[in-house]
Structure formats: structure tokens, C-alpha cells
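Beneath this line is the structure, given in C-alpha cells, with notes to follow.
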Amino acid sequence: MAISIKSKIAAGIGLLFALLLTVSIVAILFINLLSSKTENLLSANYNTIRYCSEMSDALDEIDSSKAALIKFETNLKAQENNITEPGEGAATEELRYYFEKVKKGNHSTALFHSINKQIYQIYLLNQKALEQKNINALKTAGNARLWLTILTTLLVLISFSLVLNFPGYIANPVRLLTEGIKEIAQKNYGKRIYLDNKDEFGEMADAFNLMAKKLYEYEHSNLSKLLFEKKRVETIINQMEDAVIGVDANNKILFINHKAEGLFNLKEAEITGKYAPDVALHNDLLRTVLQKDAKRPPLKIIVEGKESYFSVDYRTVFSEGTNIGEVLTLKDITSFKELDISKTNLLATISHELKTPISSIKMSTKLINDMRIGALNGEQKELINNIDEDADRLLRITGELLNMTQIETGNIQLKLQKVPPKQIVDDAVRAVQVQAEQKNIKLQVDCPENLAPVNADADKTSMVLINFLTNAIKYTPEQGQIMIKTQPQNNGIRFSVQDFGRGIEEKYLSRIFDRYFKVPGGIEKSSTGLGLAISKEFIDAQGGQIEVASEYGKGSTFSFLLPV
């Protein structure tokens, strides 16, 4: 019958408790025995010896002192009540007999000699009794010491055996089970644990072995299926038109498809399992791809003697919330880039060609308004004004398109110089003053003259500020006000334009500087949606930062920071 671990632990502790209890009981018994014998040793016999000594002293003074006779009588009565040893009673009676004669007046030397003899005999009997009791006490103490030594030694040996063996009895199976679990975690499903224990540890080992067996069978039953799926995935990846590289969580290369082999000039068999940054040390393209940059433009790569453009996509792979690797994809966007270049060239050409006839229209309307060719009636003036406004709108649109083509081709021409912030603010305010006066809007300027100059292109920076102010005037009601403010911040100057119009909903703020984006429901239907995008590109090109803050229903604040 198997004994449980609980029963074995209880038996071991119970044995120790029984031995400890036995030692305690034996110790208490011997202590009580020694205490009893010592008490007897120090009471009855000791008192008798004291009585004998007192009577002997009193006998020497009986002839000269009546007090000595009383003293003798007192000690003799005490002795008669303290007889403990064999022969002591007869000797005491003889002593009483002789003392009665002394009380009747017989003080002969022979009588005193007989009394001394009886006193000595009583003394000797008790002296021998004391010696015998002392021997008995020593013998009892020796026996107690022997038994306590034997029991204590037995207790120590058993305790030492338990301390030495019992932890191992518990720890060894636990250690084997721990090692087995670690092996299973490493997918070594052939691991087995063999224990001879007929207890819970034995049952646990059997359960572990059964689990390992089932895992082994499961793994091998699915191995062929997994290999087939792996081969199918590899085939799909190799058939992709995009270059694909897979790395694990430790940045080691897992796979690379055929397209990527040709593009990176690498062989999958040579780099699989290697640390990607180490491979990139000898491959410029891979080193560039591994340097993640969200703002990086498409990569221009010469493929088969032709310029090709690729965008890089990074996808982190998660399994049950844990990062297990990353897939890097290079998509060939050459055809899209060519279309984009064609679009940019077309816009530049159209915008440039339109500026000349639009300028001619503006000049013509100006001449007509000057009445140099005759007076105009009211209806004609209204038509001319409409033509002039439409020409201004067309001129602004073509200007924005030309600026955007410069940005897209990377041909932004900057004339960076030290410019006082007040000069930029004054130029912008002067440009929109008439527009603000038409709506009775007050432009409140807070621009100290002692601010440090900024390193900027004055014309383009003024254009950005004008764009901010134009938008603010559009969305500010009549009789309203707009605040223009400049102030030092960190190592630069912040320019801000604050209006108190309807503001912008929070969900649109992240897209406000995107190209062609217009806030839904805006009052400007003919806007291109390029003004703020161009403004951002101009500020970024000067090393500045552009921002927007808005609360719907309370107004907006557009600002940019330029270095001093």
C-alpha cells in the first residue's frame, strides 16, 4: 500500500515529537528523584547531627549551669522525634535513661562517659546514613546522565538523519520535475522522468511522462503538415512582385524572397540566420532600409540600367501580444512616380502658361477701371470688378500650383538671411489690411521691436503669415478682432495668429496641413486646399516648426517657430 507524502511527513515529525517527549519525561523523573533524596539528605540526618552537637556542648556545662540542662533536654526531645535510621531508636532510649539519672543529681564521670558514648553512636549512625545517601544520590545522577545521554544521542541521530535525507526526498523529485518541464519548454518532447516513489511524486512523474508522450505524438503527427504549409508560404512569398525580407524578434534574418535577392544582391542561403545589421555592414541598400525613417522619400535604385523607385513598408508581427518579428517590404512604385512627375510637370507648365494671359486680363481691367478708354456705367463696373476678382483668384491658384510643383520637385529656392520679426509681421499685415477693413476687423499686433532677428526667407515667411491672416479674416465675423503675436521661445521666435471664429473640430486637426485637404463645411468653396500644405513645406525647409491649436466654437491659433 502506497504511503502519501503527507503521512510520511507526519510520521517523521511524530517520531521526533515522541523522542523529545520521552527525554523530557525521563529528565523530569530523575530531577524529582534527585530532589527528593537531596531533601532527605539535608533534613533528617543533618538535624540529628546538629542535635548531637548541641547535647555534647550542653553536657560539658551541666555542672555549672542549669541552662545547659534545659538545652540538653530540648535537643533530646527533638532527637526523639527525628529517629530515621536503624538502631537510632535504641541508642536514643539509652541516652534518655542516662539523662534521667543526671536530672536526679548523679553527675558521675562514668555516667557522663556513657551519655557521650550514646551521643557519639547516634552521630555515627547518621553520619554513615549521610554518606550512603550521598552515594545513592551520585548513583542516581549517574543513571540520569546515562539515560539522558542515550536518549539525547538517539534524538540527535534521528533528527540529523531526517535533516540530511528528508529535504532530498522532497527536493530531488521536484528538481527532476523542474528539469523535465524546462526540457518540454525547449520542445524536447522525448524527455522522461523515472521515480520509484509510490506516492504523489510518483503519480506526478507518471502524469508528466504521459503529457510528454502526447506532445511528442502531436508534434510528429503535424510535422509533415507544417512542412507542407511552410513550403506553400515560401512559394507564395517568392512569387510576389515586391521584395520581402523577414527578421525575428532578435533582428536575425528568417527569409528573403527571389525579388529581394536580386534587388539587394544577396543569397538567402548565405544570410539566413545571420544578424541583419551585421549583413548590412557590407550592403548599402540593406543598411538604408534598416534605418527606419517615416519621412524618408521613396528610394531611387538603378535596376537593370533604369531608375526605379521603391517605398519601404515595415510590418511588426505579433503572436498573442508578443513581438515575434518584422517583415520589410520594398514596393516598386516606379510607374506611380513617373505619373507623379508627369503630373508635376504638367501643372508647372499650365500654371506658368496661364500666368501671362491672367496678368494681361488684370492689366486690361485696371486700364478699363481707370476710364482711359471711356466712362463705365454701373453694370459695366460690376462686371469689370467680377472679372478682376476672378483673375485674382486664378492668379492665386496658379501661384499655389507653381509653389507646389517646386516643393514636389525639391526645387524650393530659399534666400536665408537675418530678418527682424517685426519686418515680417508688418509686411503681412500691410498685405491684408484692406481685406480686414472691408469687414471692420481689428488686427491687434503684439511684436516687440527688440526681438532677435530670425534666420529666414523674408518673402516666403511673409507669405505663410499672410496665408494665416487671410484664413483668419475669412472665418472671423464682422467687427471682430485678430491677434498677431511674436515672442521668444527656446532658441527661436514664435509667430502666431489667433482668431475667434468658429474653430476647427479636433478630428480634422491632424490633417489640416495635408495637401488638397479642406475642412468639410468651410465657407471657401473655391479653395485648392494647398495653402497650409505649402506653408508647412516653406517653414520645414527653413528648419522651423508649424503648429495649430483650435477649440471648436471658440477659434483657432496657427503658429510657426523659426530659429534666431
Side-chain angles (χ1 to χ4, degrees), residues 18-157:
L19 287 172
L20 184 62
L21 184 63
T22 302
V23 171
S24 300
I25 291 173
V26 170
I28 291 171
L29 288 175
F30 276 112
I31 289 171
N32 288 336
L33 183 60
L34 284 172
S35 175
S36 176
K37 291 187 176 184
T38 303
E39 185 178 356
N40 293 333
L41 180 68
L42 294 175
S43 57
N45 298 107
Y46 176 77
N47 288 336
T48 296
I49 292 173
R50 184 167 57 83
Y51 297 153
C52 290
S53 178
E54 292 289 338
M55 285 188 291
S56 180
D57 292 341
L59 185 62
D60 292 337
E61 298 176 358
I62 283 179
D63 289 336
S64 58
S65 173
K66 290 183 179 180
L69 189 64
I70 296 171
K71 180 179 179 182
F72 194 99
E73 176 66 27
T74 302
N75 284 279
L76 181 57
K77 286 182 178 179
Q79 170 56 28
E80 287 174 341
N81 296 322
N82 193 39
I83 296 173
T84 57
E85 304 300 329
E88 187 178 358
T92 302
E93 289 179 358
E94 286 289 328
L95 182 59
R96 167 58 71 180
Y97 172 75
Y98 292 134
F99 181 66
E100 290 297 330
K101 289 184 177 182
V102 171
K103 287 170 60 178
K104 293 178 179 179
N106 186 355
H107 290 183
S108 65
T109 302
L111 182 59
F112 278 20
H113 178 70
S114 296
I115 290 173
N116 277 327
K117 182 178 179 182
Q118 293 303 320
I119 291 173
Y120 179 71
Q121 185 177 357
I122 294 170
Y123 174 84
L124 194 60
L125 286 171
N126 280 275
Q127 182 67 30
K128 289 181 179 180
L130 277 174
E131 293 175 358
Q132 185 60 45
K133 289 179 180 180
N134 184 49
I135 292 171
N136 293 339
L138 292 174
K139 183 177 180 181
T140 301
N143 291 336
R145 186 164 51 250
L146 176 63
W147 281 106
L148 287 174
T149 301
I150 292 172
L151 290 173
T152 303
T153 302
L154 184 62
L155 179 62
V156 169
L157 289 175

Would you indicate whether the side-chain heavy atoms of Leu95 and Met55 approach each other to under 4.5 Å? yes

As an exercise, state the distance from OH of Tyr51 to CD of Glu80, rounded to the nearest 0.5 Å. 11.5 Å

Using the ring of each side chain (for Trp, its six-membered ring), is Phe99 parallel, tilted or perpendicular to Phe72, with breaks at 30° and 60°? parallel

Quick check against the 3.5 Å criterion: does Thr153 have a side-chain atom that pairs as donor or acceptor with the backbone of Thr149? yes

Might you point out which heavy atoms bring Leu111 and Asn106 nearest each other, and give the distance in Å? CD2-O, 3.2 Å

Assess whether a salt bridge exists between Arg96 and Glu73, defined as any Lys/Arg side-chain N lying under 4.0 Å from an Asp/Glu carboxylate O. yes

Specify the closest pair of heavy atoms between Gln79 and Ile122, including all atoms of both residues, with the distance to one decimal. NE2-CG2, 3.8 Å

Less than 4.0 Å between a side-chain N and a carboxylate O, is that true for Arg50 and Glu54? no

Validation row: Tyr97, Glu93 side chains within 4.5 angstrom (heavy atoms): no

Rounded at 0.5 Å granularity, tell me how far NZ in Lys71 sits from CG in Leu59. 11.5 Å

Closest non-hydrogen atoms of Ser56 and Asn116, given as atom of the first, atom of the second and distance, are OG-OD1, 4.3 Å

Are any side-chain N or O atoms of Ser53 and backbone N or O atoms of Ile49, one a donor and one an acceptor, separated by less than 3.5 Å? no

According to salt bridge (charged side-chain N to carboxylate O under 4.0 Å, His left out), who are the partners of Glu94, at least two apart in sequence or on a separate chain? none

Is any side-chain heavy atom of Ile70 less than 4.5 Å from a side-chain heavy atom of Lys66? no

Atom pair CD1 (Ile119) and OG (Ser114), whose distance is rounded to the nearest 0.5 Å: 11.0 Å

Check whether Gln127 reaches the backbone of Tyr123 with its side chain - one donor and one acceptor, N or O, closer than 3.5 Å. no

Could you measure the distance from the CG atom of Asp57 to the CG atom of Asn75? Nearest 0.5 Å is fine. 9.5 Å

Heavy-atom closest pair, residues Val102 and His107: O-NE2, 3.6 Å

Is any side-chain N of the basic residue among Lys103 and Glu100 closer than 4.0 Å to the acidic one's carboxylate O? yes

Between CD1 of Ile83 and OG1 of Thr48, what distance do you get to the nearest 0.5 Å? 8.5 Å

Do Asn47 and Asn126 have side-chain heavy atoms sitting under 4.5 Å apart? no

